[in-house]
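The first residue of the sequence shown is numbered 1, and numbering continues consecutively from there. Numbering of ligands and ligand atoms starts at 1, following listing order. Every heavy atom of this structure was used, including side-chain atoms; hydrogens, water molecules and symmetry mates were not.
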Amino acid sequence: MKKPVTVAITGTAGNIGYAIAFRIASGGLFGPDQPVNLHLIEIEPALGALEGVVMELHDCAFPTLNNVVATADLDTGFADADYVFLIGSRPRSKGMERQDLLLANGSIFKPQGAAIDRSASKDVRVLVVGNPANTNALIALHNAPNLAPTQVSSMMRLDHNRAINKLSRQLKVQPNVIKNMTVWGNHSTTQFPDLQHCTVDGKASADLVDQDWYRSEYIYKIQHRGAQIIEARGASSAASAASAAIDHMRNWALGTDPSSWVSMGVMTDGSYYNVGKNLIFSFPVHCKDHSFEIVDGLSLDDYSMGMIRASEKELIKERDMVLDLLR
Ligand code: NAX
């Protein structure tokens, strides 16, 4: 057995947190030879429920689970964390405007960014899942001045996996023959699932699908898949979101399949695809050894560039609403 790694998760009494904790504890993130310490972080009123999660984790007797800490104190929770999942956030309540939600959640991610900066491992990798994920990640990063911009990312993997699933069902192929899928932009209804560079069993997907279906049905359905799940389940995606978060972190830490790329929300510096700087924007990336590289130089037609611009515009608007929370 190797030296344990420490994984901190916020919102672990919630739906996604509950689903992800058991998978990570059982070796679903780093495999059966890697022990993990789990640091579970909740707000005070949810500590009782969190205690129940801790009891259940112990009752699983997972050989890979080394130690569990449950806390509402951010510095205790993020202490020496190698990997952080920021999942806990405030849900949108009735009558709440997008700006109210941005500010309410911004005030969660600002102190969390600062506490990660103070207390986590210097090489920590932080994945933001709580919505609005891209802008929350921007806030966390701005408040963690000692972290490199490449140490924080936001989750687009659920959208990416949904895009692969829908294409695979349309073409009646297994998901693993689909490579180089990209979902660009924001985790919102402006996201752009792009089939232009995607291949299916080595063939260009653009040659296999009807362009009208792609533009009028496929893109819309991916953008609105979350709402479709809520309508069917009466609750938002939880197990699939937890699974996507594990996929994201595993690829980031251990690398992507060299013959393909994945979608990740990452900090922009203004040099990729004309997207302005200082946004957390989803691009196609290759990952290796805890780092990622944006796939550069893909040719994009006017339609695709228009979709990317629309999502960028939305993210700029979100950033403008939280300027006070950015240092
Ligand atoms: P739940 O409402 O079930 O759970 C949220 C948990 O977070 C609660 O237990 C709550 O007590 C806790 N919490 C709230 N504030 C906290 C704080 N300051 N520190 C620590 N914990 C805190 O929501 P759930 O279904 O688990 O969803 C969590 C977040 O993921 C939401 O913001 C949701 O919108 C977002 N999602 C993001 C997705 C993505 O692809 N980026 C997809 C799935 C999901 O919708």
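- Between Pro193 and Asp159, the closest side-chain pair of non-hydrogen atoms is not below 4.5 Å.
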(request) Quick one: do Asp257 and Ser259 satisfy side-chain hydrogen bond (donor to acceptor under 3.5 Å, both in side chains)? Show the steps, please. (result) CA-CA 5 Å; Asp257 163 5; Ser259 69; 2.8 Å; yes
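- Residue-level proximity to ligand 1 for Ser236 is carried by the side chain, the only part with a heavy atom below 4.0 angstrom.
- Using a 4.0 angstrom heavy-atom cutoff, His187 counts as in contact with ligand 1.
- Protein heavy atom closest to atom 9 (O) of ligand 1, with residue, atom name and distance, is Glu42 OE2, 2.6 Å.
- Only one option out of Pro284, Ser282, Ser263 pairs with Trp184 in a side-chain contact (heavy atoms from CB on, under 4.5 Å); it is Pro284.
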(request) Could you give me the CA-CA distance, side-chain angles and deciding distance for Glu314 and Lys317, then say whether salt bridge (Lys or Arg N to Asp or Glu O under 4.0 Å) is met? (result) CA-CA 5 Å; Glu314 181 183 49; Lys317 220 164 141 189; over 6 Å; no
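- In terms of modelled atom types and a separation under 3.5 Å, the side chain of Arg125 and the main chain of Asp123 share a donor-acceptor contact.
- Ring geometry for Tyr83 versus Phe30: interplanar angle of 30 to 60°, hence tilted.
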(request) Could you go through the side-chain hydrogen bond (donor to acceptor under 3.5 Å, both in side chains) check for Thr10 and Gln112 one step at a time? (result) CA-CA 10 Å; Thr10 67; Gln112 288 184 351; 4.6 Å; no
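- Using a 4.0 Å threshold on non-hydrogen atoms, atom 2 (O) of ligand 1 does not count as touching the protein.
- Under a 4.0 Å criterion applied to the non-hydrogen atoms of Gly130, ligand 1 contributes the atoms 29 (C), 30 (O), 32 (O).
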(request) Assess whether side-chain hydrogen bond (donor to acceptor under 3.5 Å, both in side chains) is satisfied between Thr71 and Asp73, documenting all intermediate values. (result) CA-CA 5 Å; Thr71 182; Asp73 179 73; 5.1 Å; no
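- Nearest-residue assignment for atom 34 (O) of ligand 1 (options Asn131, Thr10, Leu127; heavy-atom criterion): Asn131.
- Taking all atoms of both residues into account, the shortest heavy-atom contact from Asp75 to Ala115 is OD1-O, 3.9 Å.
- Residue Arg90 does not touch ligand 1, judged by heavy-atom distances below 4.0 Å.
- There is no protein heavy atom less than 4.0 angstrom from atom 23 (O) of ligand 1.
- The shortest side-chain heavy-atom distance between Ser240 and Leu158 falls under the 4.5 Å cut-off.
- Taking every heavy atom of Ala13 and a limit of under 4.0 angstrom, the matching atoms of ligand 1 come to 9 (O).
- Within ligand 1, counting atoms from 1 as listed, the ones closer than 4.0 Å to a heavy atom of Ile41 are 20 (C), 21 (N).
- Residue Ile16 has at least one N or O atom closer than 3.5 Å to an N or O atom of ligand 1.
- Listed by number with element, the atoms of ligand 1 under 4.0 Å from a non-hydrogen atom of Gln112 are 17 (C), 18 (N), 19 (N).
- In this structure, His39 contributes its side chain and Ala8 its backbone to no donor-acceptor pair below 3.5 Å.
- Among protein heavy atoms, the minimum distance from atom 32 (O) of ligand 1 is reached at Ser89 OG, 2.5 Å.
- The contact set between ligand 1 and Ile87, taken as ligand atoms under 4.0 Å from a residue heavy atom, comprises 28 (C), 29 (C).
- Ligand 1 has no atom lying under 4.0 Å from any heavy atom of Ala238.
- Proximity of Ile108 to ligand 1, defined as any heavy-atom pair under 4.0 Å, is confined to the side chain (atoms from C-beta onward).
- At a 3.5 angstrom cut-off on N or O pairs, Gly17 does not count as close to ligand 1.
- The one candidate from Asn143, Asn136, Asn105, Val322 that meets the side-chain contact (heavy atoms from CB on, under 4.5 Å) condition with Lys110 is Asn143.
- Ring geometry for Tyr218 against Tyr214 counts as tilted: the plane angle lies between 30° and 60°, on a 0 to 90° scale.
- Judged by the shortest distance from any of its heavy atoms, Arg157 lies outside the 4.0 Å radius around the atoms of ligand 1.
- The closest donor-acceptor contact from the side chain of Gln34 to the backbone of Gly31 lies at 3.5 Å or more, if one exists at all.
- Of the protein's non-hydrogen atoms, Val129 O, 3.2 Å is the one closest to atom 41 (N) of ligand 1.
- Heavy-atom contacts of Gly11 reach the following atoms of ligand 1: 6 (C), 7 (O), 12 (C), 20 (C), 21 (N) (cutoff under 4.0 Å).
- Annotation for ligand 1: atoms under 4.0 Å from non-hydrogen atoms of Ala241 are 43 (C).
- Between Leu158 and ligand 1, not a single N/O pair is under 3.5 Å apart.
- Taking atom 7 (O) of ligand 1 as the reference point, the nearest protein heavy-atom neighbour is Gly88 CA, 3.1 Å.
- When hydrogens are left out, the protein atom nearest atom 4 (O) of ligand 1 is Gly14 CA, 3.2 Å; that is the closest non-hydrogen contact.
- Looking at ligand 1, you won't find any N or O of Asp159 less than 3.5 Å from one of its N or O atoms.
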(request) Show the numbers, then the answer: is there a side chain to side chain contact (heavy atoms under 4.5 Å, CB included) between Asn251 and Arg157? (result) CA-CA 11 Å; Asn251 281 151; Arg157 189 57 171 270; 2.8 Å; yes
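- Every N/O-N/O distance between Ser237 and ligand 1 stays at or above 3.5 Å.
- In this structure a side-chain-to-backbone donor-acceptor pair under 3.5 Å is present from Ser311 to Asn186.
- Here the heavy atom of the protein found nearest to atom 16 (C) of ligand 1 is Ile43 CG2, 3.5 Å.
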